[in-house]
Student: 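Next up is a structure, given as structure tokens.
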Amino acid sequence: MSIAHDLSDAEFDELDELLAITPEPLEPLDASMLDGYLAGVLVQPRLIPIEEWLPPIFDYEGRDLPDDVDPAWLARIRSLVERRFASLNQSMLEQGWFYPVVLDLDADEVDADDTETKGEETAEVSAETTAETPADEPVDPDAPQLPEDPITRALLPWVGGFEYAAVTFPDLHEQADDNINALLARLYRHLPAETPEEVEIVELLDQEHPLKNIDEAIEDLIVTVVDLQEATEQQRYHVEQVRRDAPKLGRNDPCHCGSGKKFKNCHGAT
């Protein structure tokens with residue numbers, strides 16, 4: 001069976017641009033965060049309908065879209081997101097693999113090189129205008145700081161999107177399962193550690209499961225998510241048996257309606 005038709009690079013760019021024009025003051029996910037979010041929805045221990053998981057992508061704080069939103073814009077986003085969702089799901093189930101949308105560090109490095117070159121070309125001009133430039137403003141300590149580790153910098157948006165799904169739909173976090181908790185820790189090592197316990201867990205993972213480069217880190221992320229999908233699969237597709245309070249009515253038994261006729265000759269007639 002062929003994998004569901006995934007998005008092309010151009011369509012990923014289109015989706016990112018469409019999300020970026022979400023009406024203010026809403027704060028939508030970008031393409032990388034959205035990809036992690038979709039994976040976080042797929043590994044939940046229950047099947048979540050699109051009516052539940054689609055609205056949160058338009059605002060990180062859970063606010064609703066305005067009533068007068070452009071229906072064509074919304075329909076296009078939904079179409080692209082549904083295709084990516086289906087492709088991720090099928091790839092995990094049938095191939096045990098998928099390709100996450102993460103930041104391209106090589107592109108960032110090229111941009112940095114270009115900036116450095118341009119800086120050298122304009123160094124003389126900058127020196128002349130330094131005196132006219134106001135003193136640097138103090139750095140806001142509450143402003144988000146980009147991580148220095150290139151692996152974390154590349155994977156942070158994707159893992160942040162995954163965590164957003166897990167917080168929005170807490171069923172996964174509520175699992176009393178050591179294996180699931182261990183797998184989540186492997187993912188969340190790429191998020192800023194906020195407590196001493198989290199710092200200790202990250203340090204332990206760095207010692208026992210060091211990630212040498214970005215390729216190894218991406219492979220570890222993929223395997224971890226697929227393992228989570230497998231760990232919750234039984235619950236996700238579990239079908240509870242319906243238990244009858246009374247014995248099943250036989251065709252030759254008296255009909256339940258009280259007519260006095262046999263069931264097969266009354267309400268059971270075909």
Side-chain angles (χ1 to χ4, degrees), residues 1-7 9 12 15 29-50 52-54 56-57 80-105 151-152 154-191 201-202 204-206 208-239:
M1 181 182 296
S2 60
I3 296 298
H5 184 45
D6 201 356
L7 304 187
D9 290 343
F12 275 119
L15 178 56
L29 309 184
D30 61 26
S32 183
M33 287 190 69
L34 172 62
D35 206 56
Y37 172 83
L38 296 179
V41 171
L42 284 167
V43 303
Q44 289 289 326
R46 70 179 178 94
L47 288 172
I48 301 175
I50 188 172
E52 285 188 48
W53 62 254
L54 185 64
I57 76 172
L80 293 172
V81 172
E82 279 189 294
R83 276 176 49 200
R84 177 56 177 169
F85 185 85
S87 178
L88 277 173
N89 187 42
Q90 191 174 356
S91 294
M92 287 188 205
L93 290 173
E94 298 185 6
Q95 296 186 341
W97 194 262
F98 65 96
Y99 294 96
V101 178
V102 299
L103 296 183
D104 187 349
L105 289 181
I151 293 178
T152 299
L155 300 187
L156 178 60
W158 197 98
V159 178
F162 182 100
E163 185 194 37
Y164 176 51
V167 171
T168 303
F169 308 105
D171 306 68
L172 183 64
H173 281 175
E174 293 173 354
Q175 298 299 299
D177 187 302
D178 291 341
N179 179 47
I180 290 178
N181 291 334
L183 292 170
L184 288 172
R186 282 171 56 183
L187 273 184
Y188 293 166
R189 71 192 295 184
H190 302 295
L191 298 175
I201 291 174
V202 172
L204 181 62
L205 284 169
D206 288 343
E208 297 184 351
H209 305 285
L211 302 173
K212 299 177 182 178
N213 51 53
I214 184 62
D215 291 335
E216 189 172 309
I218 291 175
E219 181 177 350
D220 183 73
L221 179 148
I222 295 168
V223 171
T224 300
V225 173
V226 171
D227 286 348
L228 276 169
Q229 189 273 338
E230 293 177 352
T232 57
E233 184 174 10
Q234 186 174 359
Q235 295 181 67
R236 191 162 47 253
Y237 297 106
H238 175 66
V239 179

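Bear in mind that the values here come from a model prediction, so they are computed numbers and not experimental data. The chain is numbered in sequence order, starting from 1. Just so it is clear, the values below take in all heavy atoms, side chains as well, and ignore hydrogens, waters and symmetry mates.
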Student: Could you name each residue pair satisfying salt bridge (Lys or Arg N to Asp or Glu O under 4.0 Å) that touches residues 166-189, not counting sequence neighbours?
Tutor: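 Of all non-adjacent pairs touching residues 166-189, those that pass salt bridge (Lys or Arg N to Asp or Glu O under 4.0 Å) are Arg46-Asp171, Arg186-Asp220, Arg189-Asp206.
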
Student: Could you list the residues that satisfy ring-ring contact (aromatic ring centres under 6.0 Å, His included) with His209, not counting sequence neighbours?
Tutor: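 Partners of His209 under the ring-ring contact (aromatic ring centres under 6.0 Å, His included) test: none.
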
Student: Asp35 and Tyr99: which non-hydrogen atoms are nearest, and at how many Å?
Tutor: OD2-O, 4.3 Å

Student: Suppose we screen for ring-ring contact (aromatic ring centres under 6.0 Å, His included). Which residues come up paired with Tyr164, at least two apart in sequence or across chains?
Tutor: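 Partners of Tyr164 by the ring-ring contact (aromatic ring centres under 6.0 Å, His included) criterion, ordered by chain and then number, come out as Tyr37, Tyr60.
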
Student: Only pairs at least two apart or in different chains count here, so list each salt bridge (Lys or Arg N to Asp or Glu O under 4.0 Å) that has a residue in residues 156-167.
Tutor: none

Student: Shortest non-hydrogen contact from Gln44 to Thr232?
Tutor: O-OG1, 3.9 Å

Student: Just verifying a value: how many Å separate Glu82 CD and Ile50 CD1, rounded to the nearest 0.5 Å?
Tutor: 3.5 Å

Student: Can you list the residues that meet the salt bridge (Lys or Arg N to Asp or Glu O under 4.0 Å) rule with Glu230, with sequence neighbours excluded?
Tutor: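 With neighbours one apart ignored, the set is empty.
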
Student: Of the non-hydrogen atoms in Ile151 and Lys212, which two are nearest, and what is the gap between them?
Tutor: CD1-C, 4.5 Å

Student: Do Val225 and Phe98 touch side chain to side chain, with heavy atoms closer than 4.5 Å?
Tutor: yes

Student: With a 3.5 Å distance limit and no angle check, can you tell me whether Arg83 reaches the backbone of Asp6 through a side-chain donor-acceptor pair?
Tutor: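 At least one qualifying donor-acceptor pair exists.
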
Student: Less than 4.5 Å apart, side chain to side chain, heavy atoms only: is that true for Arg84 and Leu34?
Tutor: no

Student: Please examine the side chains of Leu155 and Ile214, heavy atoms only from C-beta on, and report whether any two atoms are closer than 4.5 Å.
Tutor: yes

Student: If the condition is ring-ring contact (aromatic ring centres under 6.0 Å, His included), which residues does Tyr188 pass it with, not counting sequence neighbours?
Tutor: His173

Student: Out of Leu156, Val202, Leu211, which residue meets the side-chain contact (heavy atoms from CB on, under 4.5 Å) rule with His190?
Tutor: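 Considering Leu156, Val202, Leu211, a side-chain contact (heavy atoms from CB on, under 4.5 Å) with His190 is found only for Leu211.
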
Student: Angle class for the Trp158/Phe162 ring planes (parallel below 30°, perpendicular above 60°, tilted otherwise)?
Tutor: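 Because their plane-to-plane angle is under 30°, the rings of Trp158 and Phe162 count as parallel.
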
